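Following: one structure in structure tokens, then a few remarks.
Small disclaimer: the values here were computed from a predicted structure and weren't measured.
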Amino acid sequence: MIRYAKPTTVDEALALLGGGTWRILAGGTDFYPAQGSKPFRDNVLDINGLTALRGIAETGSHWVIGARTTWTDVIRYPLPAAFDALKQAAREVGSAQIQNVASVAGNLCNASPAADGVPGLLVLDAEVELRSAAATRHLPLSDFVLGNRRTALQPGEMVTAIRVPKPRGMSAFVKLGARRYLVISIAMVAARLVVENGIVTEAAIAVGSCSAVAKRLAGVEAALRGLVVDAGLVDAVRSASMAELSPIADVRGSAEYRLEAVREIAARAVLEAAGKPTGDKVAA
């Protein structure tokens, strides 16, 4: 017999997880489409009653985003400019109706290579809080998403929060798709820069939809550090190594097209994060 449970406290949810195998239901925007017309075969743990897991809070060292926080919550919350890429990505998660119910943690746990929220969180050095009835642990987001539909969640664990060490600078997100709205990305880039006295002192660049998991681009980051904020940023992005990427060819675009497109949209994201947005939305 298939079981359904809707706990009202986190401890109750963790106790259930520790006592059997459950499929967690949060916003449901990926859960139900993935189920399709097949009959349910897994026990369903509905966490939509866990009000303690929804909301954004500031501590002395971190911003903490509860696992059930929606993308609309992220858009509306007064976060620092370093979160602008994440807010821009939030507006690309399906429609407004989807954003109202889809959870940030669900976007991570679904572990799609095209998950809109992952690049924006990677450039913020986010970590994932994982709890079981016995322990709590924290993993860098880059160690949590392991591959297409694969995460580091262990039996009995659930994501309870995303933690972001208080970031500096400004950020931007650029997504390329076949149409303007309601589209799976061909490629997407988040960029966060810290600029001091007209010089880039910190750079974080992440790309999604161009490898099995979204990746930080160490070569591009290194090429940008120390540069004057001018047109040279575009040249640096275009010539830097992007060895981390291994795009596939599919119905949305060839691997070669994706690599070329990433350089263009990365340049646009970098310019916007540096406070030099291109008025016509073209990098160069």
Side-chain angles (χ1 to χ4, degrees), residues 30 71 84-94 104 107-126 128 140-152 171-193 203-224 233-274 278 281-284:
D30 287 312
W71 291 107
D84 284 355
L86 188 63
K87 285 177 173 281
Q88 291 162 3
R91 294 184 175 92
E92 299 290 343
V93 179
V104 176
N107 195 246
L108 306 185
C109 292
N110 195 44
S112 165
D116 289 314
V118 176
L121 287 167
L122 283 176
V123 299
L124 291 169
D125 298 315
V128 181
L141 177 56
S142 56
D143 293 336
F144 174 72
V145 182
L146 302 178
N148 186 17
R149 313 296 180 182
R150 294 191 300 116
T151 72
S171 68
F173 175 81
V174 178
K175 175 175 176 173
L176 174 66
R179 58 181 184 267
R180 180 63 188 87
Y181 297 107
L182 301 174
V183 65
I184 298 174
S185 65
I186 297 170
M188 54 184 163
V189 176
R192 179 176 64 86
L193 298 183
I205 313 296
V207 174
S209 287
C210 284
S211 46
V213 298
K215 296 281 190 179
R216 285 275 294 267
L217 301 185
V220 177
E221 294 172 357
L224 290 170
L233 296 179
V234 173
D235 295 333
V237 170
R238 287 185 163 180
S239 60
S241 169
M242 294 187 177
E244 297 89 348
L245 302 184
S246 53
I248 63 169
D250 61 14
V251 294
R252 294 190 296 277
S254 67
E256 293 79 11
Y257 174 72
R258 280 187 163 92
L259 287 173
E260 191 65 25
V262 161
R263 293 195 181 275
E264 191 73 11
I265 64 176
R268 289 171 49 188
V270 163
L271 287 176
E272 186 172 342
T278 55
K281 299 299 181 184
V282 176

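To the nearest 0.5 angstrom, N148 atom CG is 11.0 Å from S211 atom OG. Interatomic distance, Q88 CD to D116 CG, rounded to the nearest 0.5 Å: 12.0 Å.
Using a 4.5 Å heavy-atom cutoff, the side chains of L233 and V237 are not in contact. Side-chain atoms of V174 and E264, non-hydrogen and from C-beta on, never get closer than 4.5 Å to each other. No side-chain heavy atom of L86 sits less than 4.5 Å from a side-chain heavy atom of S171. The shortest side-chain heavy-atom distance between L121 and V104 falls under the 4.5 Å cut-off. For the pair M188/V118, no side-chain contact is recorded, criterion being any heavy-atom separation below 4.5 Å from C-beta on. You'll find the side chain of V220 stays beyond 4.5 Å of the side chain of V207, heavy atoms only.
When all heavy atoms of D235 and S239 are compared, the closest pair comes out as O-OG, 2.9 Å. Closest approach of A114 to S185, counting heavy atoms only: CB-OG, 4.0 Å. Scanning all heavy atoms of the two residues, the minimum distance from G208 to P119 falls at N-CG, 3.9 Å. Annotation for A90 and W71: closest pair CB-CE3, 3.4 Å, computed over non-hydrogen atoms. Taking each heavy atom of C210 and A187 in turn, the nearest pair found is SG-CB, 3.9 Å. For P113 against A212, the heavy-atom pair with the smallest separation is CG-O, 3.4 Å.
Under the side-chain contact (heavy atoms from CB on, under 4.5 Å) rule, L141 has a single partner from V213, L108, D125, which is L108.
Judged by distance alone, the side chain of K215 and the main-chain N or O of M242 form no donor-acceptor pair under 3.5 Å. One N or O on the side chain of R263 and one on the backbone of R238 form a donor-acceptor pair closer than 3.5 Å. A donor-acceptor distance shorter than 3.5 angstrom exists from the side chain of R216 to the backbone of L122, with no hydrogens or angles considered. A donor-acceptor distance shorter than 3.5 angstrom exists from the side chain of R258 to the backbone of G253, with no hydrogens or angles considered. Within the 3.5 Å criterion, the main-chain N or O of S112 finds no donor-acceptor partner in the side chain of N110.
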- Item | Trace of the side-chain contact (heavy atoms from CB on, under 4.5 Å) decision for L217 with L245 | CA-CA 8 Å; L217 301 185; L245 302 184; 3.8 Å; yes
- Item | R252 and V183: CA distance, side-chain angles, deciding distance, side-chain contact (heavy atoms from CB on, under 4.5 Å) verdict | CA-CA 10 Å; R252 294 190 296 277; V183 65; 5.7 Å; no
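The residues R149 and D30 are annotated as not salt-bridged, no charged nitrogen and carboxylate oxygen being separated by less than 4.0 angstrom.
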